[in-house]
Amino acid sequence: MTRTTSAFVAACPDCAERVTTDDPNDVVAFYRRHHAVTGHDVTWERTPDVPATTELTDAIDRLADDASGVSLGAVSAAMSDRGWSVGETLSAVHDRRLTGDLWEPRDDHVAVV
Amino acid sequence: MTRWNDGADRVSAVSPDITDETNALPAKYFTDPDVWEMEKEKVFSRYWVYAGHENCIPEAGDYFTRTVGDKQVIVARDEDGDVRAFYNVCAHRGSKMVDDTPMTDPGNMGRIQCPYHLWTYDLDGDLRSTPRSFEETGLNPDLDDSDVSGLDPDENGLMAVNTDSIGPLVFLNFADDPPLSLAEQAGKLKSRLESLPLEEYQHARRYVSEVECNWKTFGGNYSECDHCEANHQDWITGIQLDESELEVNDYHWVLHYTHEEDVEDGLRIHDEHEAQFHYFWPNFTVNMYGTADGYGTYIIDPIDEERFQLIADYYFAAPELSEDEEEFVHTSRQLQEEDFELVERQYEGLQSGALAQGQLGPNEHTLHRFHRLAQEAYNA
């Protein structure tokens, strides 16, 4: 995207394509589209108001304020403090869901079981 | 005559005569989400659309995926060396089979296997094998094994998608019986491109940008250069815009740009002393540069009615670029960014709802063809 008026910023380190948005799940959607046609990952550049964390379920717990789950984008933004890319976070979420630790109360939102 | 949304809400069909007052596609066709839903079927499922470059899948079993609208296909090279395309959908119960795999990072597989129940297909799409649970009836007390007749490999194969090529450029058509062959849709574009050694060049760079406007807005911007003098100062240096020619054909149009000073023949893939920018309906361009021994393509891929991805690919003699080639690609990227600024600004205006139907100039005949083709597709 070429406008830069929003809070969350992420970019592809390989080709410098950048996304800025108020909704961190837009970054997840951007990653999926970008990865599908380039194979590239996406990393966070700016994640305002997201608590620092070192562990995936801890991040989800700290972000959750109701039962409808935390957006994948917010989880990914939080895990960027640990150096994880968007792709790495989604992969970790996938793995944890398959072990039954996480579930998806609504689209692209996760909660701890 | 420009028609405003002043309460009268008057629009008319795009006139075949560019000098008529209703010569532009009404603005709602750029902003209405229902139009994008219609285009998935009436445009992107009826005409030939670009899939990718076959140089990226040189060996049997090499493949990539390509998503067009809601449809995704696997484009693979089979054991005979032919490039085939199949819906990425298992014939068993409809599971998506392979993960998204870009042309720039292709995969390789001996056979196509669905991970759900391990139905396995040959590279020609025929069903090769199923697990024993599809041949034996141990879990069903009402049947004996002898009641199972087995699955016909052809009848239970993958659903193929029509493919055809112009040189190394592979195209898809989702229609059961395409209204046009690729040769008919491409016209002289096919013979013009096939006269060039496109297959001798390798994929070198891909840049993918997301832009906040309708795909046709960018397509229209690409199709004319009246905006270049004011907005592409770096690019037009050394180009004689006055001597440019805009060539219109049935389903493609070409912008020819002459350079003020000739460049060495070794610096370009084609012999003409000019750059040639081909727009091929509905959303593909081939860019033959006047000052680089290589070529580029754009896929103007809609995400929805108000966003698209520009997939820009560059092909040179070798994938590793020289300093000059790097600089050339950088300049091309700059041109794209300048255009993104223009089309996003235009789209903001269109989204305001003020304009009902714009007014094209007499030298925007390439754009007029584009709008006419859109209308023709919608009415088909």
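These values consider heavy atoms only, across backbone and side chains, with no hydrogens, waters or symmetry-generated copies. Protein chains get the first letters and strands the later ones, always in sequence-line order, with residue 1 at the start of each.
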Given B/Trp215, which of B/Phe308, B/Phe44, B/Phe284 fulfils the ring pair (Phe, Tyr, Trp, His ring centres under 6.0 Å) condition? B/Phe44
Checking heavy atoms, do the side chain of B/Thr67, its backbone, both or neither come under 4.5 Å from chain A? neither
Contacting moiety of B/Ile299, where chain A heavy atoms sit under 4.5 Å: neither
One option among B/Arg205, B/Met103, B/Gln309, B/Arg333 has the most heavy-atom pairs under 4.5 Å with chain A, and it is B/Gln309
Spacing of B/Lys216 atom NZ and B/Tyr347 atom OH [to the nearest 0.5 Å]: 7.5 Å
B/Tyr50 and B/Tyr298: side-chain contact (heavy atoms from CB on, under 4.5 Å), yes or no, with the steps? CA-CA 10 Å; B/Tyr50 180 64; B/Tyr298 288 168; over 6 Å; no
Candidate pair A/Cys15 and A/Cys12, rule disulfide (SG to SG under 2.5 Å), full reasoning: CA-CA 6 Å; A/Cys15 63; A/Cys12 169; 3.6 Å; no
